[in-house]
Amino acid sequence: MLGGTSHVALFARFPGISLAVEDDELEQVPSFIAQGWRELPVRLTPPTPSA
């Protein structure tokens with residue numbers, strides 16, 4: 001549950017978030033139990049202030 005909440009907050013704070021590398025440069029964690037990435041480099045673009 002905490003992960004889902006933190007993702008919502010992350011995307012709300014940085015709506016322009018994007019990968020900083022190409023998809024094929026991502027390295028998976030070598031595990032048969034968990035599926036994920038060793039690193040997830042991103043570009044954070046803060047929202048533009050509203051007038």
Side-chain angles (χ1 to χ4, degrees):
M1 177 113 159
L2 181 60
T5 304
S6 62
H7 289 124
V8 170
L10 178 69
F11 291 118
R13 175 70 176 95
F14 298 102
I17 192 170
S18 63
L19 281 175
V21 297
E22 295 297 322
D23 296 357
D24 59 354
E25 294 180 52
L26 297 174
E27 183 181 346
Q28 285 193 296
V29 174
S31 171
F32 65 91
I33 297 172
Q35 182 178 355
W37 308 107
R38 184 171 302 280
E39 299 178 322
L40 193 58
V42 296
R43 287 188 187 94
L44 301 177
T45 306
T48 47
S50 54

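The figures that follow rest on heavy atoms only: side chains count, while hydrogens, waters and symmetry mates do not.
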(request) Could you work out the complete set of other residues in the hydrophobic cluster of Val29, with links drawn between I, L, V, M, F, W and Y side chains under 4.5 Å apart? (result) none
(message) According to a hydrophobic-cluster definition based on side-chain heavy atoms being under 4.5 Å apart (Ile, Leu, Val, Met, Phe, Trp, Tyr only), do Trp37 and Phe11 belong together?
(response) yes
(request) Any salt bridge (Lys or Arg N to Asp or Glu O under 4.0 Å) involving residues 28-47? Give me the pairs, sequence neighbours left out, ordered by first then second residue. (result) Glu27-Arg38
(message) Apply the hydrophobic cluster definition, ILVMFWY joined by side-chain contacts under 4.5 Å directly or through others, and give me every member besides Ile33.
(response) Phe32
Result block: side-chain N/O donor-acceptor pairs under 3.5 angstrom for residues 12-25, not counting sequence neighbours:
residue : atom : partner : partner atom : Å
Glu25   : OE2  : Glu22   : N            : 3.4

(request) With sequence neighbours left out, write down each residue that passes side chain to side chain donor-acceptor pair (under 3.5 Å) with Gln28, or none if nothing qualifies. (result) none
